[in-house]
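Below is one structure, written out as structure tokens; comments come after it.
The model shown is predicted, which means the values in this text are computed figures rather than measured ones. Just so we're on the same page: letters track the sequence lines, and every chain starts at 1.
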2 protein chains.
Amino acid sequence: MVELETERLDAIFHALGDPTRRQMLRDLSGGERTVSQLAEPYEMSLAAASKHIKALESAGLIRREVRGRTHVCHLEPGPLANAHEWLSFYEAFWTLRLDRLEDLLRDEDAAKSNPPPKPEGDDR
Amino acid sequence: MVELETERLDAIFHALGDPTRRQMLRDLSGGERTVSQLAEPYEMSLAAASKHIKALESAGLIRREVRGRTHVCHLEPGPLANAHEWLSFYEAFWTLRLDRLEDLLRDEDAAKSNPPPKPEGDDR
DNA sequence: TCTATATTCAACCACATGGTTGAATTAGAG
DNA sequence: CTCTAATTCAACCATGTGGTTGAATATAGA
């Protein structure tokens, strides 16, 4: 497993916590876009959109290729996979009925012979 | 697909963007915890931890049951599933090789007879 | 070279966030 | 009833965030 450092997840989830940035990612899922193309749908100034793009970039969610005077952005899906994987830890909790969950956890712990129901220090 | 309102996702991802709160969720995956139990591992004041718990609660990620003078929290996995589902949209992007992705998207669009994802700059 | 386009930078502002401390609330225990 | 424990509330503070505007930078094109 990846033992992702917490700082990385901070940046990823923080970047995803803004609707403008999520929409920009959605937009980029249709192919590469320049900064102005990404900014176009929003009321805000170009400078503001540029900041959002920088946030996405420094979270590693997009990559930027400078082509002459235009900056072309494309999706960088790795960190999204990381976030997805982090969430997958909880998959059992929304998949199983709660009364079965306890048994499952106990079984898994027995299999690993790990002390489980207190996974402190797993992330962070 | 669920067409989750954006506000909900804002709160969920924002709540997940803090290491203390992620750790608290991890802790709660081991079973219910009181507020003081949740706060115990951290240096911060109880009031500060209480605020984090409130953030998790108002994002719907935990539920609180008041038992006498103690508040017992447990995980509420629904919103985690929502976030997971939101991220799943991008699964193809980290699963497939990029040169195959374009074809896939085109095929899907053709199948739905939707206007394809703005094929400008798709060549190269 | 001159001008227009694409983008960032810097300064600034309002408001949110994450933390503190001390007082208030509520309930169990003697 | 009183004391103590569990928790929140309120006020406050420093810093971060998301937005603005105007100037700066760099490149494309005439």
Side-chain angles (χ1 to χ4, degrees), chain A residues 6-28 31-74 123-124, chain B residues 6-28 31-74 118 120-121 124:
Chain A
T6 192
E7 263 193 31
R8 186 146 191 77
L9 279 179
D10 288 359
I12 296 168
F13 281 125
H14 173 257
L16 294 179
D18 181 284
T20 299
R21 292 191 289 261
R22 284 198 307 277
Q23 190 57 43
M24 283 176 166
L25 289 180
R26 223 15 96 98
D27 201 359
L28 284 170
E32 50 180 44
R33 300 278 188 270
T34 70
V35 167
S36 348
Q37 285 174 333
L38 278 177
E40 188 271 328
Y42 309 98
E43 298 281 289
M44 70 190 68
S45 68
L46 234 174
S50 173
K51 284 188 192 176
H52 282 298
I53 293 170
K54 243 183 68 178
L56 289 167
E57 194 182 13
S58 67
L61 291 165
I62 71 178
R63 205 172 23 168
R64 174 195 310 248
E65 182 189 344
V66 179
R67 279 185 208 159
R69 66 182 158 177
T70 76
H71 297 201
V72 177
C73 304
H74 37 89
D123 157 51
R124 210 221 56 63
Chain B
T6 192
E7 263 194 31
R8 187 147 188 78
L9 279 179
D10 288 359
I12 296 168
F13 281 125
H14 174 257
L16 294 179
D18 181 286
T20 299
R21 291 192 288 259
R22 284 199 306 279
Q23 189 56 41
M24 284 177 166
L25 289 180
R26 228 7 102 95
D27 201 358
L28 284 170
E32 51 179 43
R33 300 278 188 270
T34 71
V35 167
S36 348
Q37 284 175 333
L38 278 176
E40 187 271 328
Y42 309 99
E43 297 281 289
M44 70 189 69
S45 68
L46 235 173
S50 173
K51 284 188 192 177
H52 281 298
I53 293 170
K54 244 184 67 179
L56 289 167
E57 195 182 12
S58 66
L61 292 165
I62 71 177
R63 207 173 21 168
R64 175 195 307 249
E65 181 190 344
V66 180
R67 278 186 210 157
R69 65 182 158 176
T70 77
H71 297 200
V72 177
C73 304
H74 38 87
K118 240 189 186 182
E120 71 203 32
R124 116 204 99 239

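- A sub-4.0 Å separation between OP1 or OP2 of C:dG19 and a side-chain N or O of B:S45 is absent.
- The nearest whole Å value for the distance from the CE atom in A:M24 to the P atom in D:dG18 is 12 Å.
- Nearest to the side-chain atoms of A:T70 among the listed nucleotides C:dG18, C:dA6, D:dT8 stands C:dA6.
- Here the nucleotide nearest the side chain of A:M44, chosen from D:dG19, C:dT20, C:dC9, is D:dG19.
- Not one side-chain nitrogen or oxygen of B:H52 sits closer than 4.0 Å to the OP1 or OP2 atom of C:dG18.
- Comparing atom distances between the A:K51 side chain and each of D:dG22, D:dT27, D:dG18 picks out D:dG18 as nearest.
- Straight-line distance from the CG atom of B:L56 to the P atom of C:dT17: 14 Å, rounded to whole Å.
- Residue B:E7 qualifies as open at atom CD: its count of foreign heavy atoms under 6.0 Å is 12 or below.
- Contacts of B:R21 with the nucleic acid, taken as non-hydrogen atoms under 4.0 Å apart, involve only primed sugar atoms and P, OP1 or OP2.
- Counting any heavy atom pair closer than 4.0 Å across all strands shown, B:A55 reaches no nucleic acid atom.
- When each of C:dT26, D:dT20, D:dG18 is scored by its nearest atom to the side-chain atoms of B:R69, the top-ranked nucleotide is C:dT26.
- Rounded to whole Å, the distance from CG on B:L46 to P on C:dG19 is 13 Å.
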